[in-house]
Amino acid sequence: MRLHKLALSTTRETPAEADIVSHQLMLRAGMIRRLGAGLYTWSPLGMRVLQRVEAIVRSEMNAAGALEILMPAVQPAELWRESGRWDEMGGLMLRIRDRAEREYCFGPTHEEVVVDFVKRDLASYRQLPVNYYQIQTKFRDEIRPRFGLMRAREFIMKDAYSFHMDAADLDREYHNMAATYRRILDQLGLDYRVVAADSGAIGGALSEEFHILAGSGEDELAVSTDGSYAANVETAIVAPPDHPRPKPNAELNRVATPEVTTIDGLCAFLDMPPEQTAKAIVVDGSDGDPVLLVLRGDHQLNRIKAEKHEAIAAPLTFSDVKSIKRAFGADPGSLGPAGFPGAVIADHSVAARADLVVGANENGVHLTGFNWGRDADEPQVADLRNVVAGDANPDGEGTLNIMRGIEIGHVFQLGDKYSRALDLNVLAADGQAVHPPMGCYGIGISRLVAAAIEQCHDAAGICWPAPMAPFELVICPIGADREPAVAEAAEQLYAQCLAQDIDVALDDRGLRPGPMFADIELIGVPHRVVVSARGLKAGTLEYKGRQATQAEDIVFGIEPIKARIRE
RNA sequence: CGGGGUAUGGCGCAGUUUGGUAGCGCGUCUGCUUUGGGAGCAGAAGGUCGCAGGUUCAAAUCCUGCUACCCCGACCA
């Protein structure tokens, strides 16, 4: 590629619209341009990266036995009514009408369509298993699109759907896909973790997420030091404390705590560590009455765990202040288990503590020296909190670390939710009709590109892992317009690189060295050689790896270049 | 959806309080000079000041309405 033909458009200044690194750098490098909220055009430079990723995904999916198809982005409402998701999806789904007032959506996902597709041709179990995938544009009308491609509304996704005769075969393919995803991410050269996950709204049992590690990641991951356990903090299990609750040591004491309504305030006022306090959270119970959840002051409620508790209403609803006042006689900020007649569910950690500080159910008053069983009934005990760094590994040895990640892939075992709802069935060997269990497997292609930048950049710009880079190598001639020998030597090298299948770009834009180098670093090309009159005289080229601090002189010629970039 | 903010040339911004010739830096174009890390000089192009209405002799600036975009929140007792 000759760079002057690529319509490169880099900027020195960071556009005001972006405030995470990947978004800023993609805009500065001219990989994408914003059209509207959560809508982006990919430039020729951006396309080169996108297509790299797509090619690797395709080749691994094909190698894993999946079959590529392409389904419509626009889908009839009727199909979604049949699965029951037309109403469930709510505002996430972009709904449109055609000229005859027929209803459609712009597909946020393709379970319905793929089942419909399979239904037409699938008659016998002998045709199973099968796994169809596509690389397609999806639209999800996010409440708040943000962070550029990270949470765009329109985005590119690789989604795959598998169909099986039985759960065992689904399990086999699920692991096949998980292994395929690992191969894809290994090939892309990214640092990632696979974690157990909540399957969320899509339904189904087993599910794992694939996260690119990056400090700016939106998700928190709990990963054990011995490597045996990894889970999204949303779902990571907290092992119950391994020691019994100590005996009460303190008398119950009423303390006036005027104006204190937060754990921080309470700790400052009483000079107490937060783990000695209990926070009280009131939520609606499944019977409609308020339920008191108690956690250690330094812990955080995990919504997903709470929601799954049978005594708690789903979706999780925090009780309104009026009903709290009625049930407790006090406002939030002064609540506690003492004297509350309703259901109390305490997290393991707070249930294993003695001599706690709790709200007294009287505004501006707290109790110190509170003990379960003595000052209130023994609570129900459950795992309600988010794991924190240092918690015991629930599955093996060691403790948990918390890392941040960007979710770029997700594999699910869906079961027969969709094949049943849409009445897909096949005849089994015994002549019985069966709804084939399904798996579904997604990779956010466009998000993956952004995530790679979050993981890999420096002050000068993007540092692509070689397999994602828009070019493998750039040849930078200096002063080619006034030194014919330089121009000639650069052309010669360029032709040789092409002949050797090196994905090379020739920077023939005629820029001065400063801006030229800055651009090449910004767009993240992994390898650079400089051709100059000075070097030619000495028979050398200058080579520099993108992340190297120093350039080095190498003998002029294709072989020394190959040795550097293919090492 | 609630809260906050912004909208002025391709990009980043000032000007709005106190109404009076629309400005700066970067970028772009032309010429000359310069030439290994974002060059210098000279000249030039480019703006319905988000949209609509209003007040006024006069509106980027004041008033009313609207739109778009960005940020924060949706673990808070």
Side-chain angles (χ1 to χ4, degrees), chain A residues 9-20 23-24 27-28 30 33-39 90-91 141-148 151 153 220 233-234 257 260-266 277-283 290 292-295 297-307 315-321 323-325 327-328 330-337 347 358-361 363-364 366 384-386 460-461 476-483 486 507 509-522 528 530-536 541-542 544 551 553:
Chain A
S9 174
T10 57
T11 65
R12 202 165 167 177
E13 287 183 277
T14 301
E17 71 189 70
D19 76 357
I20 64 166
H23 192 194
Q24 292 173 342
L27 288 169
R28 282 192 52 208
R33 292 289 176 238
R34 189 180 61 78
L35 177 65
L39 303 173
D141 195 357
E142 296 283 348
I143 294 176
R144 179 146 90 91
R146 62 187 120 172
F147 305 146
R151 187 173 297 279
R153 293 197 295 174
E220 286 191 316
V233 164
E234 282 183 348
T257 52
V260 172
T261 58
T262 63
I263 294 294
D264 282 351
L266 185 62
T277 65
K279 70 168 73 166
I281 300 171
V282 185
V283 299
L292 177 65
L293 308 181
V294 185
L295 294 136
D298 57 327
H299 287 154
Q300 293 195 312
L301 178 67
N302 180 301
R303 276 172 172 265
I304 291 171
K305 290 178 183 176
E307 211 163 88
L316 189 70
T317 313
F318 295 102
S319 302
D320 58 81
V321 175
S323 47
I324 290 176
K325 185 96 184 183
F328 289 83
D331 288 314
S334 304
L335 305 180
D347 181 70
V358 301
N361 296 326
N363 283 354
H366 280 79
L384 291 179
R385 69 172 171 93
N386 284 342
C476 297
I478 289 183
D481 52 339
R482 59 181 195 284
E483 302 274 359
V486 169
D507 196 341
R509 295 175 299 165
L511 297 183
R512 302 163 59 85
M516 174 163 58
F517 295 158
D519 274 355
I520 299 307
E521 282 158 9
L522 174 61
R528 179 187 89 191
V530 176
V531 181
S532 66
R534 197 171 75 192
L536 289 180
L541 292 168
E542 179 190 284
K544 184 175 173 296
D553 286 334

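The figures here come from the full heavy-atom set of this structure, side chains too, leaving out hydrogens, waters and symmetry mates. Each chain gets a letter, A, B and so on, in the order the sequences are listed, and its residues count up from 1.
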Approximate separation, where rounding is to 0.5 Å, of [X] [atom1] and [Y] [atom2]:
| X | Y | atom1 | atom2 | result |
| --- | --- | --- | --- | --- |
| A:Leu541 | A:Leu536 | CG | CG | 7.5 Å |
| A:Gln300 | A:Lys279 | CD | NZ | 6.0 Å |
| A:Leu511 | A:Phe517 | CG | CZ | 10.5 Å |
| A:Asn302 | A:Leu293 | CG | CG | 11.5 Å |
| A:Asp507 | A:Asp519 | CG | CG | 7.5 Å |
| A:Asp553 | A:Glu542 | CG | CD | 6.5 Å |

[atom1] atom, [N] versus [M]: distance in rounded Å?
| N | M | atom1 | answer |
| --- | --- | --- | --- |
| B:rA52 | B:rU67 | P | 15 Å |
| B:rG23 | B:rC1 | C1' | 40 Å |
| B:rA39 | B:rU35 | P | 14 Å |
| B:rA45 | B:rA22 | P | 16 Å |
| B:rG27 | B:rG38 | P | 12 Å |
| B:rG5 | B:rA14 | P | 16 Å |
| B:rA59 | B:rG20 | C1' | 10 Å |
| B:rA7 | B:rC13 | C1' | 13 Å |

Which nucleotide in the list [options] gets nearest to the side chain of [X]?
| X | options | value |
| --- | --- | --- |
| A:Asp519 | B:rG37, B:rC71, B:rG38 | B:rG38 |
| A:Phe147 | B:rG37, B:rC71, B:rC69 | B:rC71 |
| A:Ile143 | B:rC1, B:rC71, B:rG37 | B:rC1 |

Regarding [X], tell me which of base, sugar-phosphate or nothing describes its non-hydrogen contacts under 4.0 Å with the strands shown.
| X | value |
| --- | --- |
| A:Arg33 | nothing |
| A:Arg528 | base |
| A:Ile324 | base |
| A:Asp331 | nothing |
| A:Ala280 | base |
| A:Glu521 | base |

Whole angstrom is fine here: how far is it from [atom1] in [X] over to [atom2] in [N]?
| X | N | atom1 | atom2 | result |
| --- | --- | --- | --- | --- |
| A:Asp507 | B:rG38 | CG | P | 16 Å |
| A:Arg28 | B:rG38 | CZ | P | 15 Å |
| A:Arg146 | B:rG73 | CZ | P | 7 Å |
| A:Met516 | B:rA39 | CE | C1' | 14 Å |
| A:Glu142 | B:rC69 | CD | C1' | 17 Å |
| A:Ile281 | B:rA74 | CD1 | C1' | 14 Å |

For this session: Start with the C-alpha distance between A:Glu142 and A:Arg153, add both sets of side-chain angles, then the distance that settles salt bridge (charged side-chain N to carboxylate O under 4.0 Å, His left out), and finish with yes or no.
Result: CA-CA 6 Å; A:Glu142 296 283 348; A:Arg153 293 197 295 174; over 6 Å; no

Seminar exercise, completed: Heavy-atom nearest nucleotide on RNA chain B taken for A:Phe517 and for A:Val283; more 5' hit belongs to A:Phe517

Exercise. Relative to the 5' end of RNA chain B, which residue comes earlier, A:Asp19 or A:His299, by the nucleotide with the nearest heavy atom?
Worked result: A:Asp19

Just name whichever nucleotide pairs with [N], Watson-Crick or G-U, keeping both distances under 3.5 Å, else none.
| N | answer |
| --- | --- |
| B:rG12 | B:rC24 |
| B:rG2 | B:rC72 |
| B:rA58 | none |
| B:rC51 | B:rG65 |
| B:rA42 | B:rU30 |
| B:rU35 | none |

Problem set entry | Expected output: side-chain A:Asn361 to main-chain A:Gly336 donor-acceptor under 3.5 Å | yes

All N/O pairs under 3.5 Å across the protein-nucleotides 30-35 of chain B interface:
| from | atom 1 | to | atom 2 | distance (Å) |
| --- | --- | --- | --- | --- |
| B:rU34 | O2 | A:Arg512 | NH1 | 3.2 |
| B:rU35 | O2' | A:Arg482 | NH2 | 2.2 |
| B:rU35 | O2 | A:Arg482 | NH1 | 3.3 |
| B:rU35 | N3 | A:Arg482 | NH1 | 3.4 |

Exercise. For A:Glu13 and A:Arg28, what are the C-alpha separation, side-chain angles and deciding distance, and is it a salt bridge (charged side-chain N to carboxylate O under 4.0 Å, His left out)?
Worked result: CA-CA 7 Å; A:Glu13 287 183 277; A:Arg28 282 192 52 208; over 6 Å; no

Problem set entry | Under 4.0 angstrom between A:Arg144 side-chain N/O and B:rC72 OP1 or OP2 | yes

Exercise. What's the shortest heavy-atom distance between A:Val358 and A:Ala278, and which atoms?
Worked result: CG1-CB, 3.8 Å

Exercise. A:Ala306 and A:Leu384: which non-hydrogen atoms are nearest, and at how many Å?
Worked result: CA-CD2, 4.1 Å

Problem set entry | Base B:rG37 paired with A:Arg12 side chain (donor-acceptor, <3.5 Å) | no

For this session: List for me each residue that meets side-chain hydrogen bond (donor to acceptor under 3.5 Å, both in side chains) alongside A:Lys544, sequence neighbours excluded, and say none if there are none.
Result: none

For this session: Go along nucleotides 4-14 of chain B 5' to 3' and tag each nucleotide: B for a protein heavy atom under 4.0 Å from its base, S when only backbone or sugar atoms are that close, - otherwise.
Result: -------BSS-

